[in-house]
Student: 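Please read through the structure below; I'll follow up with questions.
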Amino acid sequence: MRYLSTRGQVRGIPFKQAVMMGLAEDGGLLLPESIPQLTAADLAEFPALPYPELAYRILAKFIDDIPAGDLKSLINRSYANFTHPQITPVVRQGDVYILELFHGPTLAFKDVALQLLGNLFEYLLAETGEHMNILGATSGDTGSAAIYGVRGKRGINIFILHPHGKVSKVQELQMTTVTDPNVYNLAIRGTFDDGQRIVKEIFGDLEFKKRFALGAVNSINWARVLAQVVYYVYAWGQVQTATGCQEVTFSVPTGNFGDIFAGFVAKRMGVPIRRLILATNANNILARFVNAGDYSIGEVHPTLSPSMDIQVASNFERYLYYLYGEDSGKICRAFAEFGKTGRLEFSAKERREIGNTFAAHDVDDAAILEEIGSFHAATGYVLDPHTAVGVRAAHALPCDDAPVICLATAHPAKFPEAVHRAIGRDPLRPPSLAGLEERPRRCETIEAATAAIQAFVEQHAL
Ligand SMILES: *Cc1c(COP(=O)(O)O)cnc(C)c1O
């Protein structure tokens, strides 16, 4: 399997190179040259496979440059840290199925991909004797999942900027209680936007980037999407076995379009998925895209589901590539226009195709709280505010006759304030958070200035 860029200037590269490249060198996003099709035998066998075995069977269709034994061992090690034997169990609650993606070390779905990505990086760096320094800014979830993905790994140091005093208490403690020597938490005296700007400026210094082998862990890495395809297939298998229904619908709380794009890939591989419900919070650019054919940037509003407070969805370009009939020239023209006008428009034919794949709904903060409350009253089950966006969208849209699987992207204990407002008490804390406040911490507070961060990285880089 070879990989190409949506912008057409990179093609024919193997999987390993695609993982190390992250963003394609022409500014596009990497995709497989063709999407492998599941056979009738695959569809018959997959529902009975344990998660790691299923992951191997799916990943092997996209990866032909890592020996089978090595790939199996990378997968097994990545999911050994999950606290549920099924890794991503599906539970029936009320009128929906909940796909619990929060049994990894940081209690959010990003662990599913970042545990694997950390192991892949370590494996690929060991092969060439190289090293890398990962640099990123976080508003909470991505940073901690990335830190847990690479803690203690050989050949990798990680530097994560978070805004001092502006991430939730649980999120701050999850990051700063990781004391492995290769992990550097930097609490900047500024905002998340300052952090993003600083990281962007440092990556823009190409000489510095090269000298320190800087790497990123944002959601544009193809390996992250690939790891996420697995749980769509797994959940389809579980629900098909439980209900006898062939087709299912997924409801996906969406920010960067990464998670729902993995669902799109699963559908394109031939998993019987009726529809993908694209659920957004008040930052609804993607819902407007599906419902009105209008993709235009607005302001970012802070909401109760902060990990989806995004306007420009970095993975969206991957979907557009397929919508545009795999025409990279058309992608280049569209993004040139988008750069100028901040807006993309779609033809009637394109809108029909979008509507055949997706349904969309946006959910504001009042509706999030209402859904957490009413779902809890009806079932006793506590939703986190991100998961509530997806469940609300599933309830708001007219149902088709396929069972609906809602992706639970975070454990409610990560967002106790919102949950408390909705149900009048804190969510129960899982054992992995016990004694969090008492653990030793490692964090530097630092000025929100590019030069200061650059100097810090220079001093502590591999
Ligand atoms: C990142 C995140 C999302 C959004 O995922 P995308 O891949 O950006 O669409 C949803 N919920 C939680 C809890 C997250 O951390």
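Order of appearance sets the numbers: ligands from 1, and atoms from 1 within every ligand.
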Student: List every atom of ligand 1 that sits less than 4.0 Å from any heavy atom of G255, numbering the atoms from 1 in the order shown and giving each element.
Tutor: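 In order of number, 4 (C), 6 (P), 8 (O), 9 (O).
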Student: Considering only heavy atoms, which of D141, N256, D111, T106 lies nearest to atom 6 (P) of ligand 1?
Tutor: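 Considering heavy atoms of D141, N256, D111, T106, the nearest to atom 6 (P) of ligand 1 sits in N256.
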Student: If you measure every N/O of F109 against every N/O of ligand 1, is any gap under 3.5 Å?
Tutor: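 By distance alone, the answer is no.
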Student: I need the contact type for F257 against ligand 1. Using non-hydrogen atoms and a strict under-4.0 Å cut-off, is it side chain, backbone, both or neither?
Tutor: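 For F257, the contact with ligand 1 is made by the backbone alone.
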Student: Ring of Y321, cation from R318 - is the NZ or CZ under 6.0 Å from the centre and inside 45° of the axis?
Tutor: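 No, R318 and Y321 do not form such a contact.
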Student: Side chains of I273 and L276, heavy atoms from C-beta outward: is any pair under 4.5 Å?
Tutor: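 Heavy-atom side-chain distance check passes, below 4.5 Å.
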Student: Would you kindly say whether Y231 and D259 are connected by a side-chain donor-acceptor distance under 3.5 Å?
Tutor: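 Result is yes, a qualifying pair exists.
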Student: Between the side chains of R7 and E317, is the shortest nitrogen-to-carboxylate-oxygen separation below 4.0 Å, so that they form an ion pair?
Tutor: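 Yes, E317 and R7 are salt-bridged.
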Student: With no hydrogens and no angle check, just 3.5 Å: does a side-chain donor-acceptor pair link E444 and N185?
Tutor: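 No pair is found: no donor N or O on one side chain lies under 3.5 Å from an acceptor on the other.
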Student: Using a 4.0 Å cut-off to any heavy atom of D259, which atoms of ligand 1 qualify?
Tutor: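 Result: 7 (O).
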Student: Provide the number and element of each atom of ligand 1 under 4.0 Å from a heavy atom of K110.
Tutor: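 It comes down to these atoms of ligand 1: 1 (C), 2 (C), 3 (C), 14 (C), 15 (O).
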Student: Would you confirm whether the ring centroid of F261 sits within less than 6.0 angstrom of the ring centroid of Y319?
Tutor: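 Aromatic pair excluded; centres sit 6.0 Å or further apart.
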Student: Output the list of atoms in ligand 1 that are nearer than 4.0 Å to some heavy atom of T254, sorted by atom number.
Tutor: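 What qualifies from ligand 1 is 9 (O).
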Student: Quick one: look at K414 and ligand 1, take heavy-atom pairs under 4.0 Å, and tell me if it's side chain, backbone, both or neither.
Tutor: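 Neither part.
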Student: Taking the side chain as every heavy atom from C-beta outward, state whether I453 and I202 have any atom pair closer than 4.5 Å.
Tutor: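 They are in contact (side-chain heavy atoms under 4.5 Å apart), so the answer is yes.
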Student: Out of all atoms in ligand 1, which are within 4.0 Å of some heavy atom of A410? Include the element for each.
Tutor: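 The list of qualifying atoms is 13 (C).
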Student: Considering heavy atoms of the protein only, find what lies nearest to atom 11 (N) of ligand 1 and give residue, atom and distance to 0.1 Å.
Tutor: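 Ranking protein heavy atoms by distance from atom 11 (N) of ligand 1, first comes T409 OG1, 2.9 Å.
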Student: With a 6.0 Å cut-off on the ring centroids, do F316 and Y295 count as close?
Tutor: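 Yes - the distance between ring centres of F316 and Y295 falls below the 6.0 Å cut-off.
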Student: Any nitrogen or oxygen of H386 lying under 3.5 Å from a nitrogen or oxygen in ligand 1? Just yes or no.
Tutor: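 By distance alone, the answer is no.
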